[in-house]
Amino acid sequence: MDPIAYVNGTFVPLSEAKISILDRGFLFADGIYEVSAVLDGKLVDNDSHLARLARSVGEIALPLPETIERIKEIQKELIARNELANGLVYLEVTRGADKGRDFAFPKGVKPTLVMFTSVKDIVDAPSAKTGIAVITVPDIRWARRDIKSVALLAQVLAKQAAAEAGAGEAWMIEDGKVTEGGSSSAFILTQDDVIVTRQNGSEILPGCTRKAVVALAAERQLRVEERPFSIEEALAAKEAFITSASSFVQAVTSIDGKLVADGKPGSMTNRLREIYIDFARATAG
Ligand code: PLP
């Protein structure tokens, strides 16, 4: 079956979904995106993703072409039309297509809104059992990483380097500290059982899964510290892991070819993964 996509008000077969070459998302990366997980046909922690969407578009003065409530309805209709049980819904909004290529914001141009789905079994992903390798790369991104912009070239290069090294993610390094993964938040568990992840700020994207995991851990009286950490600290840690909508909680078993602890997913990581999956199932809608 040809999957169904959404483009500016209509549902169309993905192979026929098109936007203009003058679209500012294409010309300038002048757009924002979000990715929400789908479990058993329901959206996971989607209000958090849509709140971040509203914040991101606000930061670049991009008006949403539909209300958040309508966007939610479109997401749900797309899931239904694709009969999607487990996977992801991608959505992107751009400043639309003007008549030419002027940098300044166009006047009277309707923003573009597109969505598509992909199938992914996040709960039973093989890497959840084995963990993943990560490599490190310099963080060469712009200074407003808190905005979920579609300008992802630095992450494309980082994740390509990871793929070439046989790794599942790249951890980006700035001033000797890990900022985050190419498409995930980075965590360690110290030898004295403190869960450490970098505090939110313009240096990282405020991950929705990160936020939920930090809250779920705190509710269970687990110790959490939000501060930067170095690769040396990660290699001396008990455990390391990443979080994202597309992986939930995922163990990191080596960094630049050096094992984290015994090179197997740790018990805290496995526990947080189970806690998150329970939360996701209980709250999906
Ligand atoms: N950090 C970056 C740079 C990302 O691109 C992503 C997800 O795409 C994340 C963190 C994780 O965010 P979330 O948990 O909201 O998926």
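Being a predicted model, the structure only gives us computed values, none of them experimental. Counting convention: from 1, in listed order, for ligands and their atoms alike. What's counted below: heavy atoms across the whole structure, side chains too, no hydrogens, waters or symmetry copies.
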Relative to the heavy atoms of His49, which atoms of ligand 1 are at a distance of less than 4.0 Å? 15 (O)

CG of Leu91 to CG of Leu88: how many Å apart, nearest 0.5 Å? 12.0 Å

Does an N or O from Ser246, backbone or side chain, lie closer than 3.5 Å to an N or O of ligand 1? no

Start with the C-alpha distance between Trp171 and Asp256, add both sets of side-chain angles, then the distance that settles side-chain contact (heavy atoms from CB on, under 4.5 Å), and finish with yes or no. CA-CA 10 Å; Trp171 275 8; Asp256 287 335; over 6 Å; no

List every atom of ligand 1 that sits less than 4.0 Å from any heavy atom of Arg52, numbering the atoms from 1 in the order shown and giving each element. 12 (O), 13 (P), 15 (O)

I need the atoms of ligand 1 closer than 4.0 Å to a non-hydrogen atom of Ser185, numbered in the order shown. 10 (C)

Which residue and heavy atom of the protein sit nearest atom 13 (P) of ligand 1, plus the separation: Cys208 N, 3.6 Å

Any side-chain donor near an acceptor of the partner, Glu180 and Ser185, under 3.5 Å: no

Quick note on ligand 1: atoms under 4.0 Å from a heavy atom of Gly182 include exactly 3 (C), 5 (O)

Fit a plane to each ring of Phe28 and Phe103, take the angle between them on a 0 to 90° scale, and name the class: parallel (under 30°), tilted (30 to 60°) or perpendicular (over 60°). tilted

Heavy-atom distances under 4.0 Å decide this one: backbone, side chain, both or neither, for Ser184 against ligand 1? backbone

Taking heavy atoms and a distance under 4.0 Å, where does Tyr33 meet ligand 1: side chain, backbone, both or neither? side chain

A student comparing Ala158, Ser183, Gly207, Ala245 should find that the heavy atom closest to atom 12 (O) of ligand 1 comes from Gly207

Show your reasoning for whether side-chain contact (heavy atoms from CB on, under 4.5 Å) applies to Arg145 and Ser202. CA-CA 5 Å; Arg145 302 158 190 162; Ser202 55; over 6 Å; no

Got the closest protein heavy atom to atom 2 (C) of ligand 1, with its distance? Glu180 OE1, 3.4 Å

Region of Leu205 engaging ligand 1 - heavy atom pairs below 4.0 Å: side chain

Check against side-chain contact (heavy atoms from CB on, under 4.5 Å), Ile204 and Arg210: CA-CA 11 Å; Ile204 62 166; Arg210 171 199 178 285; 4.2 Å; yes

Can you check whether Ser246's main-chain N or O pairs, donor with acceptor, with Lys120's side chain at less than 3.5 Å? yes

Looking only at protein heavy atoms, which one is nearest to atom 8 (O) of ligand 1, and how far off is it? Lys148 NZ, 3.0 Å

Does ligand 1 have an atom that lies less than 4.0 angstrom from a heavy atom of Gly181? yes

Among all the protein's non-hydrogen atoms, which is closest to atom 14 (O) of ligand 1, and how far away is it? Thr209 OG1, 2.6 Å

Tell me which part of Gln155 gets within contact of ligand 1: side chain, backbone, both or neither, using heavy atoms under 4.0 Å. side chain

Ser127 and Gln250: side chain donor to acceptor below 3.5 Å: yes

One should read off an interatomic distance between Gln75 CD and Glu34 CD, to the nearest 0.5 angstrom, of 9.0 Å

Does the ring center of Phe116 lie less than 6.0 Å from the ring center of Tyr6? no

